[in-house]
Amino acid sequence: KTLIKFSLKPETIPVSTSWYLTDLAEARGKQELFTRQSPQKLKALREHALIESVVSSNRIEGVTVDQTRIRTIVLGKSHLRDRDEEEVRGYRNALKLIHEQGSKLKVSEDTILKLHKFARGKIWDAGKYKEKESDIIEKYPDGRSRVRFNTVSAARTPLYMAQLIELWK
């Protein structure tokens, strides 16, 4: 309702609105103060969020790594032991690109394939469309499974990708 009132160009601002604006200004001041006073806490929170995002997103694909190595794989530069660790590191690299250049990244087929290449690491199909159909299947600890995503015909993928990008625009 507040935006509607503002769009009517009121002569005065309602008292309740001024209270909200004051609260927002105070919160912003506290945020800036916290940012300056506690950079190490913010860094730890960012790292934790990055790790959780990488682990959760890879878990959907059935990719798991030893819990004791997750922090090293995501935040460090250690030697990777297997394909799963490579995928986790690659996904981290894709997120890094998004976080560092997000506002400059153009939604395009090239960008999507580049992110896929990062996310797949040095695996042979990185940055390429699948050559054959394969569904994404979620496997539960009790042995049950279900199809999470159905893939489209490999030959039609570029067409569908172009349509998705056009819809985005």
Side-chain angles (χ1 to χ4, degrees), residues 1-4 27 31 34-35 38-169:
K1 298 273 184 192
T2 301
L3 293 175
I4 293 170
Q31 177 184 348
F34 185 78
T35 301
S38 303
Q40 68 280 6
K41 288 181 184 176
L42 289 175
K43 181 181 181 208
L45 286 171
R46 273 197 288 292
E47 288 176 355
H48 180 73
L50 178 64
I51 290 168
E52 288 300 314
S53 177
V54 168
V55 169
S56 297
S57 295
N58 278 283
R59 190 179 306 125
I60 290 171
E61 296 283 338
V63 174
T64 57
V65 295
D66 181 4
Q67 290 289 330
T68 61
R69 290 201 27 92
I70 290 173
R71 185 172 187 80
T72 303
I73 295 165
V74 174
L75 302 176
K77 296 184 180 190
S78 70
H79 178 70
L80 302 175
R81 296 179 180 168
D82 57 29
R83 179 178 173 177
D84 282 356
E85 289 189 1
E86 190 174 340
E87 284 198 45
V88 168
R89 173 76 54 80
Y91 190 86
R92 186 272 328 253
N93 292 339
L95 284 178
K96 183 178 178 189
L97 177 69
I98 291 168
H99 289 162
E100 290 176 356
Q101 299 180 19
S103 60
K104 298 174 191 169
L105 285 177
K106 181 180 172 186
V107 177
S108 69
E109 186 175 10
D110 288 340
T111 300
I112 292 167
L113 290 174
K114 183 176 186 176
L115 289 169
H116 183 261
K117 187 172 186 170
F118 274 134
R120 296 290 289 167
K122 295 179 182 169
I123 298 168
W124 67 272
D125 67 346
K128 300 177 183 174
Y129 290 119
K130 290 193 178 290
E131 294 176 5
K132 60 182 181 178
E133 296 178 39
S134 61
D135 295 328
I136 304 298
I137 300 171
E138 180 177 11
K139 295 179 183 175
Y140 297 99
D142 66 4
R144 292 179 303 126
S145 63
R146 73 178 180 118
V147 175
R148 293 284 296 190
F149 304 101
N150 294 105
T151 56
V152 297
S153 164
R156 298 191 61 146
T157 302
L159 172 66
Y160 287 127
M161 185 61 69
Q163 289 174 344
L164 284 171
I165 291 168
E166 193 57 39
L167 283 171
W168 172 262
K169 292 177 183 176

Are any non-hydrogen side-chain atoms of [X] and [Y] less than 4.5 angstrom apart?
| X | Y | value |
| --- | --- | --- |
| Leu80 | Val88 | no |
| Phe118 | Leu95 | no |
| Met161 | Pro158 | no |
| Ile112 | His116 | no |
| Thr111 | Leu115 | yes |
| Lys128 | Arg120 | no |

Minimum heavy-atom distance between [X] and [Y], given as atom pair plus value:
| X | Y | result |
| --- | --- | --- |
| Ile98 | Leu105 | CA-CD1, 4.1 Å |
| Ala94 | Ala119 | CB-N, 4.3 Å |
| Ser145 | Ile137 | CB-CG2, 3.8 Å |
| Thr72 | Ser78 | CG2-OG, 3.2 Å |
| Ile73 | Arg89 | O-NE, 2.6 Å |

Out of curiosity, [X] [atom1] to [Y] [atom2], how far, rounded to the nearest 0.5 Å?
| X | Y | atom1 | atom2 | result |
| --- | --- | --- | --- | --- |
| Leu75 | Arg46 | CG | CZ | 12.0 Å |
| Gln101 | Lys96 | CD | NZ | 10.0 Å |
| Leu164 | Lys169 | CG | NZ | 12.0 Å |
| Ser57 | Arg92 | OG | CZ | 14.5 Å |
| Asn58 | Asp84 | CG | CG | 8.0 Å |
| Gln40 | Lys43 | CD | NZ | 10.0 Å |

For Val74 and Tyr91: C-alpha separation, side-chain torsions, deciding distance, then whether side-chain contact (heavy atoms from CB on, under 4.5 Å) applies. CA-CA 9 Å; Val74 174; Tyr91 190 86; over 6 Å; no

How about Gln67: does its CD atom have over 12 heavy atoms from other parts shown lying under 6.0 Å from it? no

side-chain contact (heavy atoms from CB on, under 4.5 Å) assessment of Asn93 paired with Leu97: CA-CA 6 Å; Asn93 292 339; Leu97 177 69; over 6 Å; no

Under-4.0 Å salt bridge between Glu87 and Arg83: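 Yes, Glu87 and Arg83 are salt-bridged.
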
Is there a donor in the side chain of Asp66 and an acceptor in the side chain of Thr68, or the other way round, less than 3.5 Å apart? yes

